[in-house]
**Q** 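This structure is in structure tokens; I'll ask about it shortly.
Naming convention: chains lettered A, B, ... in sequence-line order (proteins, then strands); numbering from 1 in each chain. Every value quoted in this text rests on a predicted model; they were computed, and no experiment measured them.
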Amino acid sequence: MPSRLSPRSAQPLPTAAAADSSTSSLTSDFSVRLIAWQRKHGRHDLPWQNTRDPYRIWLSEIMLQQTQVSTVIPYYAKFLARFPDVATLAVAPVDDVMALWAGLGYYTRARNLHRCAQAVVEQHGGAFPASVAELAELPGIGRSTAAAIASFAFGARATILDGNVKRVLARVFGVEGFPGEKKVENAMWTLAESLLPSNASDDDVGAYTQGLMDLGATLCVRGKPDCLRCPFAADCVANVTGRQRELPAARPKKAVPTRRTWMLVLRDGNAVMLEKRPPSGIWGGLWSLPEAADEASLAARAREFGGDGGGVPQLSPLAPLTHVFTHFKLDIEPRLAELDRGVGALAALGDADTAWVALSDLDSFGVPAPVRKLLDSLQGSLI
DNA sequence: AAGTCGGGGCA
DNA sequence: TGCCCAGACTT
């Protein structure tokens with residue numbers, strides 16, 4: 001099994017007995033083969049490629065954390081149109097950032113995005129720092145994202161270690177154990193560092209980082225890896241031993257609890273009342289429907305919002321919905337309460353954390369995806 | 001080390 | 001339905 005990329009036709013093929021030496025030479029030219037593969041077969045036309053602008057690279061990397069490329073693309077376009085540079089983002093109201101982020105999930109990313117932009121302006125004169133260490137000091141940028149930005153934007157020799165890379169390393173080098181476990185992850189960081197190209201130009205470094213991502217995203221996928229097209233097929237432990245399905249080891253199973261919540265759809269004509277959630281926790285900083293832990297409590301809240309002598313709004317059930325998070329399942333019991341008063345009369349009830357919002361104006365508020373879905377179906381049922 | 005944080009893609 | 005994804009951060 002040839003382990004060198006360059007001319008090998010004159011070389012006799014190593015025998016199986018020489019497998020140990022081929023492993024070490026794989027380590028030595030892993031980067032050469034990966035870079036060559038990326039240039040020929042990797043992705044080159046993603047919206048955040050073909051630029052050295054650290055702002056654009058940073059924005060894409062934050063959005064891509066735990067989020068797939070196809071999901072990110074429309075959000076990335078919206079953000080760039082609204083916030084073309086870091087200074088524009090830094091001076092924007094955080095609520096505008098949240099509104100554009102709504103639906104992407106992991107909303108702490110949006111808050112940190114805004115905080116990071118302000119830090120870049122205030123602490124770095126509006127220019128992203130070029131070192132991994134300085135980048136990793138910024139909000140929302142950890143070791144892997146710092147390496148991605150530094151290598152793409154500044155040609156730094158630093159390795160990423162994301163889900164793609166963990167899968168590639170586990171398979172090619174036969175790394176056992178769940179990569180989420182600290183010990184395994186540390187070993188992978190060490191391995192990844194050892195594989196970095198030694199004498200590489202800035203473009204090579206970028207191609208290398210992109211190659212790690214591309215290999216994991218296009219060939220070495222979770223379900224059915226396309227080993228026939230893989231440049232490491234002959235050396236890959238998983239491929240050679242038929243263990244693609246076992247590597248990397250799966251996360252240990254754990255029962256996810258179910259929570260239940262009641263949500264109040266307080267409607268006055270075409271408007272509903274939204275409540276701003278606390279900055280941390282589930283859907284932190286987003287606008288959502290008023291909630292209660294049971295129906296009686298929700299009814300009490302409805303009376304509260306109904307005002308004095310305004311009559312007790314009757315609660316009527318809407319179709320329940322279930323929303324699945326990473327670590328628990330949420331059953332939502334929506335209850336509709338109709339008010340028969342003008343919005344103007346109700347405006348006085350609003351404070352900084354409540355707002356009457358027209359169903360047609362939800363776009364300008366950051367609303368969690370399932371709540372948005374609920375309200376959209378409500379709008380569809382209006383006369 | 002374990003828990004917290006969404007939403008969507010896909011088998 | 002279950003699992004995972006261009007992870008970071010808190011406890």
**Q** Taking atom P in both B:dA11 and C:dA6, what distance in whole Å separates the two?
**A** 15 Å

**Q** May I ask you to say what A:Ile149 touches in the nucleic acid, namely base, sugar-phosphate or nothing, with a heavy-atom cut-off under 4.0 Å?
**A** nothing

**Q** Is it true that the side chains of A:Thr67 and A:Arg109 contain a donor and an acceptor less than 3.5 Å apart?
**A** yes

**Q** Which part of the nucleic acid, if any, lies within reach of A:Ile141 when heavy atoms closer than 4.0 Å are counted: base, sugar-phosphate only, or nothing?
**A** sugar-phosphate

**Q** Do side-chain atoms of A:His44 reach the backbone of A:Gly42 as a donor and acceptor pair under 3.5 angstrom?
**A** yes

**Q** Please state how far atom CD1 in A:Ile62 lies from atom P in C:dC5, giving the value in whole angstrom units.
**A** 18 Å

**Q** For A:Lys78, look at atom NZ and say whether over 12 heavy atoms of other residues, nucleotides or ligands are found less than 6.0 Å away.
**A** yes

**Q** Rounded off to whole Å, could you give me the NZ-to-P distance for the A:Lys373 and B:dG8 pair?
**A** 8 Å

**Q** As a quick check of understanding, evaluate side chain to side chain contact (heavy atoms under 4.5 Å, CB included) for A:Leu100 and A:Phe83, giving each step before the final call.
**A** CA-CA 10 Å; A:Leu100 275 191; A:Phe83 310 115; 3.6 Å; yes

**Q** Please state how far atom CZ in A:Arg143 lies from atom C1' in C:dA8, giving the value in whole angstrom units.
**A** 14 Å

**Q** Could you go through nucleotides 2-6 of chain B and list every protein N or O atom that sits under 3.5 Å from one of its N or O atoms, giving the distance for each pair?
**A**
| from | atom 1 | to | atom 2 | distance (Å) |
| --- | --- | --- | --- | --- |
| B:dC5 | N3 | A:Tyr106 | OH | 3.4 |
| B:dG6 | OP1 | A:Tyr106 | N | 3.3 |
| B:dG6 | OP1 | A:Tyr107 | N | 3.1 |
| B:dG6 | OP2 | A:Trp283 | N | 2.4 |
| B:dG6 | O4' | A:Tyr106 | N | 3.1 |
| B:dG6 | N7 | A:Thr326 | OG1 | 2.8 |
| B:dG6 | O6 | A:Tyr106 | OH | 2.8 |
| B:dG6 | N1 | A:Gln66 | O | 3.1 |
| B:dG6 | N2 | A:Gln66 | O | 2.9 |
| B:dG6 | N2 | A:Thr67 | OG1 | 3.0 |

**Q** Please determine whether side chain to side chain contact (heavy atoms under 4.5 Å, CB included) holds for the pair A:Arg111 and A:Val97, giving the CA-CA distance in whole Å, both sets of side-chain angles, and the decisive distance to 0.1 Å.
**A** CA-CA 8 Å; A:Arg111 292 189 163 280; A:Val97 180; over 6 Å; no

**Q** Using whole Å, what does the distance between atom P of nucleotide C:dA6 and atom CE of A:Met188 come to?
**A** 14 Å

**Q** What is the nucleic acid contact for A:Trp101, judged by heavy atoms within less than 4.0 Å: base, sugar-phosphate only, or nothing?
**A** nothing

**Q** With no hydrogens and no angle check, just 3.5 Å: does a side-chain donor-acceptor pair link A:Gln210 and A:Gln49?
**A** yes

**Q** Taking the six-membered ring for Trp, are A:Tyr76 and A:Trp48 parallel (under 30°), tilted (30 to 60°) or perpendicular (over 60°)?
**A** perpendicular

**Q** What are the atom names and distances for every N/O pair under 3.5 Å that joins the protein to nucleotides 9-11 of chain B?
**A**
| from | atom 1 | to | atom 2 | distance (Å) |
| --- | --- | --- | --- | --- |
| B:dG9 | O4' | A:Gln68 | OE1 | 2.7 |

**Q** Heavy-atom nearest nucleotide on DNA chain C for A:Lys329 versus A:Gly216: which residue maps closer to 5'?
**A** A:Lys329

**Q** Is there a side-chain polar atom (N or O) of A:Lys253 under 4.0 Å from OP1 or OP2 of C:dC3?
**A** yes

**Q** Specify the separation, in whole Å, of atom NZ of A:Lys166 and atom C1' of C:dA6.
**A** 12 Å

**Q** Rounding to a whole Å, what distance do you find between A:Leu138:CG and C:dC9:C1'?
**A** 15 Å

**Q** What is the distance from CZ of A:Arg245 to P of C:dC4, rounded to the nearest Å?
**A** 13 Å

**Q** What is the distance from CE of A:Met63 to C1' of C:dG7, rounded to the nearest Å?
**A** 16 Å

**Q** Remember a base hit wins even if backbone is also touched, and classify A:Arg372 as base, sugar-phosphate or nothing at under 4.0 Å, heavy atoms.
**A** nothing

**Q** Under a 3.5 Å cutoff, is there a donor and acceptor pairing between the side chains of A:Ser144 and A:Asp162?
**A** no

**Q** Considering only the P atoms, how many Å lie between C:dA8 and B:dG8, rounded to the nearest integer?
**A** 22 Å

**Q** Take A:Leu286 and A:Lys183, find for each the nucleotide of DNA chain B with the closest heavy atom, and name the residue whose nucleotide sits nearer the 5' end.
**A** A:Lys183

**Q** If you measure only the distance, is there a donor-acceptor pair under 3.5 Å linking the side chains of A:Thr145 and A:Gln65?
**A** yes

**Q** Can you tell me if A:Asn164 and A:Arg167 form a side-chain donor-acceptor pair at under 3.5 Å?
**A** yes

